[in-house]
Amino acid sequence: VRGCSTIGSMKAETVDLSTVRGEVGNLWPTGRTQMQKTVGQLLDAKGRDVWSIGPDATVYEALELLADKNVGAIVVVEDGRVCGIVSERDYARKIRLLERDSRKTRVGEIMTSEVWTITEDQSVAECMGSMTEHHIRHLPVVEADRLVGIITIGDVVKAVMAEQAFLIQQLEQYITG
């Protein structure tokens, strides 16, 4: 199923798995491959820590949080709902290049307000498809309009690598008997 639904200021994207997963998932009839795992399962394994900031905070405060938590993006939340995302790239392009003052500029002025989100029941393959299609590196995970986690491109790459390692192992065992 492919489509886009609007939830307040958020958009949730779903992607047709047949365009992403191919036939790899059919090799193991029992259990889920890494790409078939749900976002909820991935969050359970990696942790559900997600850092957020309000749109009225200064960009400088956002930079401090980025540095303190060693992350590349922070979800912008207002009244408990996702309203944007701010990244190091936003800072570089909208503050440094334009010679603006990060101590006087509000996060809401530079954040990306069109935020693609996912839910816990969607698959890792759907995350990869959405990230690829929309050229994004971070997908906030939302349940009932509330932020519950974040999936990064790094998380997806790790899942793909784990699946490839498993596939190689299974093929080697099949060949050597």
Side-chain angles (χ1 to χ4, degrees), residues 2-16 19-20 35 39-40 42-120 122-162:
R2 186 179 190 146
C4 181
S5 59
T6 302
I7 307 171
S9 63
M10 298 178 295
K11 291 186 176 181
E13 174 73 2
T14 56
V15 177
D16 182 354
T19 64
V20 178
M35 298 301 287
V39 169
L42 189 58
L43 287 175
D44 288 342
K46 81 162 206 144
R48 293 176 177 267
D49 291 339
V50 59
W51 313 111
S52 64
I53 197 162
D56 292 329
T58 66
V59 173
Y60 187 82
E61 291 169 322
L63 290 172
E64 287 180 316
L65 186 57
L66 286 166
D68 182 53
K69 302 303 179 188
N70 195 31
V71 294
I74 303 170
V75 181
V76 183
V77 175
E78 186 171 38
D79 298 326
R81 294 177 184 238
V82 175
C83 64
I85 193 163
V86 65
S87 68
E88 295 166 334
R89 181 180 282 186
D90 291 319
Y91 169 73
R93 293 179 178 182
K94 299 172 185 174
I95 298 293
R96 288 298 291 168
L97 284 178
L98 300 176
E99 298 180 359
R100 294 173 73 183
D101 187 344
S102 64
R103 293 180 191 267
K104 294 180 181 172
T105 307
R106 301 285 170 208
V107 168
E109 296 175 49
I110 71 159
M111 70 182 184
T112 301
S113 56
E114 183 180 33
V115 180
W116 295 95
T117 65
I118 53 173
T119 60
E120 290 189 71
Q122 289 181 270
S123 70
V124 173
E126 288 175 297
C127 290
M128 185 172 64
S130 189
M131 288 176 163
T132 301
E133 183 177 342
H134 302 293
H135 308 285
I136 55 177
R137 297 179 176 148
H138 303 88
L139 278 172
V141 182
V142 176
E143 291 295 330
D145 291 343
R146 299 286 180 221
L147 180 65
V148 297
I150 192 163
I151 298 295
T152 67
I153 192 71
D155 300 328
V156 173
V157 168
K158 286 177 190 172
V160 170
M161 289 173 57

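A quick note: this is a predicted structure, and the numbers were derived from the prediction, not measured. Numbering starts at 1 and runs along the sequence shown.
Listed by chain and number, the residues in a side chain to side chain donor-acceptor pair (under 3.5 Å) with Asp56 amount to none (sequence neighbours excluded). With sequence neighbours left out, Glu78 forms a salt bridge (Lys or Arg N to Asp or Glu O under 4.0 Å) with no residue at all. Applying the side chain to side chain donor-acceptor pair (under 3.5 Å) test to Lys69 and every residue at least two apart in sequence or in another chain returns nothing. Among residues two or more places apart in sequence or in another chain, the salt bridge (Lys or Arg N to Asp or Glu O under 4.0 Å) test is passed with Glu120 by Arg48. Judged as a side chain to side chain contact (heavy atoms under 4.5 Å, CB included), and not counting sequence neighbours, Asp79 has no contacts. By the side chain to side chain donor-acceptor pair (under 3.5 Å) test, Glu64 pairs with no residue at all, sequence neighbours left out. A search for side chain to side chain donor-acceptor pair (under 3.5 Å) contacts involving Arg106 returns nothing, not counting sequence neighbours.
Considering all non-hydrogen atoms of both residues, Val76 and Pro55 come closest at CG1-N, 3.6 Å. Nearest heavy atom pair, residue Ile151 against residue Ile118, reads CG1-CD1, 3.9 Å. Here the closest heavy-atom approach between residue Val77 and residue Ser52 is recorded as CG2-CB, 3.7 Å. The heavy-atom pair separating Pro140 from Trp116 by the smallest distance is CD-O, 3.4 Å. Counting all heavy atoms, side chain and backbone alike, Val115 lies closest to Val82 at CG1-CG1, 4.0 Å. Closest approach of Met128 and Val156 over heavy atoms only: CB-CG1, 3.7 Å.
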Working for side chain to side chain contact (heavy atoms under 4.5 Å, CB included), residues Met161 and Val157: CA-CA 6 Å; Met161 289 173 57; Val157 168; 3.8 Å; yes
Determine whether Thr152 and Arg137 satisfy the following criterion, side chain to side chain contact (heavy atoms under 4.5 Å, CB included), listing intermediate values before the conclusion. CA-CA 6 Å; Thr152 67; Arg137 297 179 176 148; over 6 Å; no
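Trp51 contributes atom CH2, which lies 12.0 Å from atom CG of Leu66 (distance to the nearest 0.5 angstrom). The line from CD1 of Ile110 to OG1 of Thr105 is 7.5 Å long, rounded to the nearest 0.5 Å. To the nearest 0.5 Å, the span separating CG on Asp49 from CG on Leu43 amounts to 10.5 Å. The distance from atom CD1 of Ile136 to atom SG of Cys127, rounded to the nearest 0.5 Å, is 9.0 Å. Ile74 CD1 to His138 NE2: the interatomic distance, rounded to the nearest 0.5 Å, is 10.0 Å. Atom CG of Leu42 and atom NZ of Lys158 lie 9.5 Å apart (nearest 0.5 Å).
Listed by first and then second residue, the salt bridge (charged side-chain N to carboxylate O under 4.0 Å, His left out) pairs that reach into residues 89-98 are Asp90-Lys94, sequence neighbours excluded.
Within the 3.5 Å criterion, the main-chain N or O of Thr58 finds no donor-acceptor partner in the side chain of Arg103. In this structure, Ser130 contributes its side chain and Glu126 its backbone to no donor-acceptor pair below 3.5 Å.
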